[in-house]
Undergrad: 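I have a structure I would like to understand better, so I am pasting it below and will then ask my questions one at a time.
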Amino acid sequence: MIKIMKYGQVPNSEIFARVAPKADVAAVVSEILANVRAGGDRAVLEYNEKFDGAKLDSLLVSRQELDAAMASVEPEFLAILERAAENIRAFHIRQVRSSFVIADRPGIILGQKVTPIERVGVYVPGGTAAYPSTVLMDIIPAKIAGCSRIVMVTPPGRDGKINPVILAAAKIAGADQIFKVGGAQAVAALAYGTESIPKVDKIVGPGNAFVAEAKKQVFGRVSIDMIAGPSEILVIADGKSNPVHVAADMLSQAEHDKLASAVLVTDSEALAQAVSAELEKQIPQLPRAEIARASIDNGSKIIVAQSLAAGIDIANEIAPEHLELMVDDPFAYLDAVKNAGSIFMGRSCPEALGDYFAGPNHTLPTSGTARFSSPLSVDDFVKKSQFTYYTAGALAGVAQDIAYFANQEGLQAHGRSVMIRKEEGK
């Protein structure tokens, strides 16, 4: 049963505690990375057989496999994928940044040049569930950014095939190549390249502890989006909220993972008790009841605060991946929210709306990293260069200032590189 805590009456260490994975996978991942780097396709194929039970002749998904997948998916679901993709495109196209030029002083031109990252790897999890939504969320912003090559990796089943809905989503989103490989070995293949899988410049997408650790270890050789932890939801709800809705929204994240966290912050003790009871009613009805049960019992909590304003303060400290404001006027509280990945406003906006359909991205900062990081966006798939142009006369006008500054730092050659041009111009 979920724990109910009264803020101010229990230690903050309990209020803000998080369940963290206990397994130390760093050494295992390090070995996998080294083996794939040295062995290429052979090592990847061996790991596919070892971890996924899939004995493959080729890692690449063929056009025939892609066409067969599209033909096998229900037309109704294909239409839903298309509508979701359009919503995602419509939101993310607003994020596109433009290059700019500043030329407001004689002889001086400054600017910033925005360039797409050329090669991007997108990791799509497999395992306990299929996530076509992640395919759309991670590939579409890269396409909008203008990345020239988008490579998707995802683990195969024991039959060596990939779930058709994953392939259908990849085709709709615009993946250039799809490979049958998951886990740390997939991250290694993207980071180092193999005979079949091209080396990329950035790797994005969520995964298990092995994938997260692999991304951490290859960072620097390639860029990554974030280190994703277990899923989280925090619901701020007043006493007028429907406990059935609150419990259902909490369980929408609890069913992801036994380490997932579902938190309710409320100013109503009556709602706290009602939601606790409702969780006990709803959990047995879920196909993934065992996972949800573990999440609710171990990593979840209900916090009773003195006011909704205090609840916002608690949420800012926790910095949740998903934040629901289940109140009559959520916009009255929006400015007070400082730390959250994605914010769902009002009583008719369950987090699942954002997972699949609304348009904002669902690849979000977890484990409190919303204090300093952002959802996946078009910005993740571009890089910015800056440029400077001065005429000889413009340089001469500031040469003395630069030389003086350089001398203050003890870097006389810096100053000399400017002054020598001014002196030659006399």
Side-chain angles (χ1 to χ4, degrees), residues 2 76-77 79-92 94 131-134 136-137 231-256 260-268 270-279 281-283 285-286 288 292 295-296 300 302-305 307-309 311-312 314-316 318-364 370 375:
I2 196 166
E76 181 181 4
F77 187 55
I80 292 171
L81 285 173
E82 292 280 10
R83 291 198 293 273
E86 185 54 39
N87 291 341
I88 295 165
R89 289 188 191 99
F91 181 84
H92 287 79
R94 300 292 187 96
Y131 298 105
S133 56
T134 296
L136 300 180
M137 293 288 182
S231 297
E232 306 165 343
I233 186 171
L234 190 151
V235 181
I236 294 179
D238 60 21
K240 294 188 290 182
S241 299
N242 187 329
V244 176
H245 296 175
V246 176
D249 291 2
M250 293 173 72
L251 290 172
S252 72
Q253 290 305 293
E255 73 171 349
H256 266 298
S261 170
V263 177
L264 166 63
V265 180
T266 180
D267 60 351
S268 167
L271 181 69
Q273 295 296 337
V275 170
S276 177
E278 189 60 37
L279 287 168
K281 290 181 185 178
Q282 292 189 28
I283 289 173
Q285 302 172 24
L286 299 175
R288 296 165 68 87
S295 168
I296 291 298
S300 303
I302 297 174
I303 302 168
V304 180
S307 65
L308 291 181
I312 295 288
I314 293 168
N316 282 331
I318 292 174
E321 178 187 16
H322 307 95
L323 173 64
E324 288 189 6
L325 298 178
M326 203 176 286
V327 295
D328 286 335
D329 184 9
F331 289 95
Y333 295 91
L334 184 58
D335 284 349
V337 175
K338 304 300 181 186
N339 302 323
S342 195
I343 306 166
F344 300 86
M345 310 282 284
R347 303 188 195 280
S348 301
C349 196
E351 179 275 328
L353 182 65
D355 268 351
Y356 300 111
F357 204 76
N361 211 282
H362 82 191
T363 300
L364 304 168

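Given the structure is predicted, the values throughout are model-derived calculations rather than measurements.
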Undergrad: Name all residues meeting the side-chain contact (heavy atoms from CB on, under 4.5 Å) criterion together with D267; count only those two or more places apart in sequence or in a different chain, and write none if there are none.
TA: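 side-chain contact (heavy atoms from CB on, under 4.5 Å) check on D267 returns D238, L308.
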Undergrad: Does A292 have any side-chain contact (heavy atoms from CB on, under 4.5 Å) partners at least two apart in sequence or in another chain, and if so, which?
TA: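 side-chain contact (heavy atoms from CB on, under 4.5 Å) list for A292, sorted by chain: L251, A254, L286.
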Undergrad: So which atom in P330 and which in L325 form the shortest heavy-atom distance, rounded to 0.1 Å?
TA: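 That would be O-CD1, 3.8 Å.
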Undergrad: Only one of V263, L323, T266, L264 clears side-chain contact (heavy atoms from CB on, under 4.5 Å) with V235; which?
TA: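 Only one option passes, and that is L264.
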Undergrad: Mind checking the NE2-CD spacing from H322 to Q253? Nearest 0.5 Å is all I need.
TA: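 Those atoms lie 4.5 Å apart.
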Undergrad: Do V304 and L271 come within less than 4.5 Å of each other through their side chains, counting heavy atoms only?
TA: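 The answer is no, as the side chains (C-beta and beyond) never meet within the 4.5 Å cut-off.
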Undergrad: In Å, rounded to the nearest 0.5 Å, how long is the span from CD1 of I318 to CG of L234?
TA: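 If we round to the nearest 0.5 Å, I318:CD1 and L234:CG are 5.0 Å apart.
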Undergrad: Could you list the donor-acceptor pairs under 3.5 angstrom formed between side-chain atoms of residues 79-90 and any protein atom two or more places apart in sequence or on another chain?
TA:
unit_1	atom_1	unit_2	atom_2	d
N87	ND2	F357	O	2.8
R89	NH2	I172	O	3.0

Undergrad: How long is the gap from NE2 on H256 to OH on Y131, to the nearest 0.5 Å?
TA: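 H256 atom NE2 to Y131 atom OH measures 5.5 Å (nearest 0.5 Å).
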Undergrad: Applying salt bridge (Lys or Arg N to Asp or Glu O under 4.0 Å), name anything that partners E232, two or more places apart in sequence or on another chain.
TA: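 Result, salt bridge (Lys or Arg N to Asp or Glu O under 4.0 Å) vs E232: R18.
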Undergrad: Any donor and acceptor pair, going by atom type alone, linking the side chain of N316 with main-chain N or O of K338 inside 3.5 Å?
TA: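 Yes, the answer is positive, given that a donor and an acceptor are paired below the 3.5 Å cut-off.
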Undergrad: Evaluate the criterion side chain to side chain donor-acceptor pair (under 3.5 Å) for residue pair S342 and H362; output intermediate values, then yes/no.
TA: CA-CA 8 Å; S342 195; H362 82 191; over 6 Å; no
Undergrad: Which atom pair, heavy atoms only, marks the closest approach of N339 to P320?
TA: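 Heavy-atom minimum between the residues: O-CD, 3.5 Å.
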Undergrad: In Å and rounded to the nearest 0.5 Å, what is the CG to CE distance from L353 to M345?
TA: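 With rounding to 0.5 Å, CG (L353) is 13.0 Å from CE (M345).
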Undergrad: Does any N or O in the side chain of S231 come within less than 3.5 Å of the main-chain N or O of A260, such that one atom is a donor and the other an acceptor?
TA: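 No, because the side chain of S231 does not come within donor-acceptor range (under 3.5 Å) of the backbone of A260.
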Undergrad: If I compare all heavy atoms of S295 with all of S300, which pair ends up nearest, and what's the gap?
TA: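 Reported closest heavy-atom pair: O-OG, 2.9 Å.
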Undergrad: Please lay out, stage by stage, how M326 and N242 fare under the test side chain to side chain contact (heavy atoms under 4.5 Å, CB included).
TA: CA-CA 9 Å; M326 203 176 286; N242 187 329; over 6 Å; no
Undergrad: With sequence neighbours excluded, what pairs up with E255 under the side-chain contact (heavy atoms from CB on, under 4.5 Å) test?
TA: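 With sequence neighbours excluded, E255 shows a side-chain contact (heavy atoms from CB on, under 4.5 Å) to R288, given in chain and number order.
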Undergrad: Only pairs at least two apart or in different chains count here, so list each side-chain hydrogen bond (donor to acceptor under 3.5 Å, both in side chains) that has a residue in residues 325-334.
TA: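 For residues 325-334, and leaving out neighbouring residues, the side-chain hydrogen bond (donor to acceptor under 3.5 Å, both in side chains) pairs sorted by first residue read K240-D328, D328-R347.
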Undergrad: Please report the closest heavy-atom contact between A370 and G341, naming both atoms and the distance.
TA: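 Between these two residues, the closest heavy atoms are CB-N, 3.8 Å.
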Undergrad: With rounding to the nearest 0.5 Å, note down the distance linking OG1 in T363 to CG in D355.
TA: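 Rounded to the nearest 0.5 Å, the OG1-CG separation comes out at 9.5 Å.
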Undergrad: Tell me the closest heavy-atom pair linking A262 and I296, and the distance in Å.
TA: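 Closest pair (atom of A262, atom of I296, distance): CB-CD1, 4.2 Å.
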Undergrad: Considering only heavy atoms from C-beta outward, does the side chain of E278 approach that of V244 to under 4.5 Å?
TA: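 Touching, per the 4.5 Å side-chain cut-off.
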Undergrad: side-chain contact (heavy atoms from CB on, under 4.5 Å) with S276: which residues, sequence neighbours excluded?
TA: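 Here the qualifying residues are M1, I2, I4, I302.
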Undergrad: State the OG-CD distance between S252 and E324, to the nearest 0.5 angstrom.
TA: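 CD of E324 is found 6.5 Å from OG of S252.
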